[in-house]
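Below is one structure, written out as structure tokens; the observations come after it.
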Protein chains: 2
Amino acid sequence: MLAQLTTYIADRVRLTDTELQRVLSCFHLLKAKKNELVGRTGEPSRRMFFVNKGCLRVYYIKPDGREATRRFAFENSFSTSLTSFIDGSLLKEDTQAVEPSELLYMHREDFYALVDTIPAWGIFYRGFLEYAYLTNTKRLEDVITLNPRERYQLLLKENPEMVLRLPNKLVANYLNITQEALSRIKSGM
Amino acid sequence: MLAQLTTYIADRVRLTDTELQRVLSCFHLLKAKKNELVGRTGEPSRRMFFVNKGCLRVYYIKPDGREATRRFAFENSFSTSLTSFIDGSLLKEDTQAVEPSELLYMHREDFYALVDTIPAWGIFYRGFLEYAYLTNTKRLEDVITLNPRERYQLLLKENPEMVLRLPNKLVANYLNITQEALSRIKSGM
DNA sequence: GTATAACATTGATCGTGATCAAATAATCAC
DNA sequence: GTGATTATTTGATCACGATCAATGTTATAC
């Protein structure tokens, strides 16, 4: 159950056995049904998720009520609404399991307690921040520099799994276009 | 010369006098003329800037050669192309002084040497990462959830200085619209 | 296994913001 | 201060992607 998570951590930072056990003991299992929300806009941010199996989708709700997907998290990745997690403020986005998922989560207070008491976990957090910054900024770059067709082609090249695994509707939403537009792009028009 | 910077640091983290002197000694002065580039796409990332006076603009070059502004940094803020600074890779964006500017910069190697040897500077870096993540993600949110008029109104509300201080052309570019479109939005059409 | 709902595709039309163009207005260089 | 360059505004047209609508397809629930 904790095997993937243990590997993920060990690949990134050196913890003693004791520290590792302490870290792992802070994680809890959550099985989420398809389409279940594990984080809701307006709630305080409480949890950091590790995706053991399945897929999470994090999305904003626009003023007109529609959704705008910020990211997907597949197996072996951490995911949380960092902007709220950092300061414990209210969530500004939903987090949804788009497939039946097996999640390991840690409470926010536990997470930062570890950061403050285990130096190596502080390094882990720093690396997490760097990576989160990288991916989000890449996403911003793509949105402001590329048109829909270019965004799709880049996604297909850099992240084919997303296109193959997820329904068109969600891929389109991630690309910030309608599913009709994506359908036409795919058919080569 | 180092007064603003010293205050900025002291407001965020506790350093001993010795540590503070060591940190400050790593900064160098750079006076940049209006429109001068202090970072160019394709060069290795070498410097972290603190804006003492003036304003920096960081922008991508699109496939068609046009520019897409990611951010502006005014007085009393740090700025760098973090995605490249983190791993020392080649810059993917230009950094331009849009006003005659007075910059204090630190070399990348010095910066990370401080992170590794002064724990409080590690905390400073962590806070910097958190803030950089926050602002960039907010920017991504705005771009994917709001239309041009909404983006302008939000900018006017949250960051009026940018609208008042910068030429329309640059504000429009930051909003990811043409200057004609911004002109019409402003005139209330 | 069938009924129902959700998703995908295709076509026709629409609207927003881009583009092109021209006239002022403001800045800058010398 | 003057000329030249750059920025801004306004108008006319265009194009891309959104929207609306209809049909076909695939999942899902029971």
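Because the structure is predicted, anything quoted here is derived from the model rather than measured. Order of the sequence lines fixes the chain letters, A, B, ..., with proteins taken first and strands second; residue numbering starts at 1 for each chain.
Salt bridge annotation for A:K138-A:E158: present, with a cationic side-chain nitrogen under 4.0 angstrom from a carboxylate oxygen. With respect to B:D64 and B:R66, a salt bridge is recorded, a charged nitrogen being found less than 4.0 Å from a carboxylate O. Checked for salt-bridge contact, A:R70 and B:E141 miss the test: no charged N lies under 4.0 Å from a carboxylate O.
One can place CZ of B:R184 at 9 Å from C1' of C:dG17, the figure rounded to the nearest angstrom. Atom-to-atom, CD1 of B:I185 to P of D:dT8 comes out at 14 Å; the value is rounded to the nearest Å. As a whole-Å value, the separation of B:Q179 CD from C:dC20 C1' is 13 Å. Rounded to whole angstrom, the span from the CD1 atom of A:I177 across to the C1' atom of C:dT16 amounts to 17 Å. In this structure, the CD atom of A:E99 is 14 Å from the P atom of C:dC7, given to the nearest Å. Rounded to whole Å, atom P of D:dA7 lies 14 Å from atom NZ of B:K186. The distance from atom CG of A:L182 to atom C1' of C:dT10 is 14 Å, rounded to the nearest whole Å. As rounded to whole Å, 14 Å separates atom C1' of C:dA29 from atom NZ of B:K33.
Here SG of A:C26 is found 8.5 Å from CH2 of A:W121. Values are rounded to the nearest 0.5 Å. The distance from atom SG of B:C55 to atom CZ of B:R165, rounded to the nearest 0.5 Å, is 5.5 Å.
Of all the residues in residues 153-170 of chain A, A:P167, A:N168, A:K169 reach under 4.0 Å from DNA chain C with at least one non-hydrogen atom.
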Next on the checklist: Run B:K31 and B:E36 through salt bridge (Lys or Arg N to Asp or Glu O under 4.0 Å) and show every step you take.
Outcome noted: CA-CA 10 Å; B:K31 299 208 179 199; B:E36 184 177 336; over 6 Å; no

Next on the checklist: Determine whether A:Y8 and A:F50 satisfy the following criterion, ring-ring contact (aromatic ring centres under 6.0 Å, His included), listing intermediate values before the conclusion.
Outcome noted: CA-CA 10 Å; A:Y8 184 96; A:F50 177 78; 5.5 Å; yes

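For B:N147, counting side-chain heavy atoms from C-beta on, the closest listed nucleotide (C:dA21, D:dG17, C:dG17) is C:dG17.
When the nearest nucleotides of DNA chain C are assigned to A:A181 and B:N176 by heavy-atom distance, the more 5′-ward of the two goes with A:A181.
The side chain of A:T178 places an N or O atom within less than 4.0 Å of a non-bridging phosphate oxygen (OP1 or OP2) of D:dA18. The phosphate of D:dT28 has OP1 or OP2 within less than 4.0 Å of a side-chain N or O from A:K34.
Within 3.5 Å, no donor on the side chain of A:R66 pairs with an acceptor on the base of D:dT19, nor the reverse.
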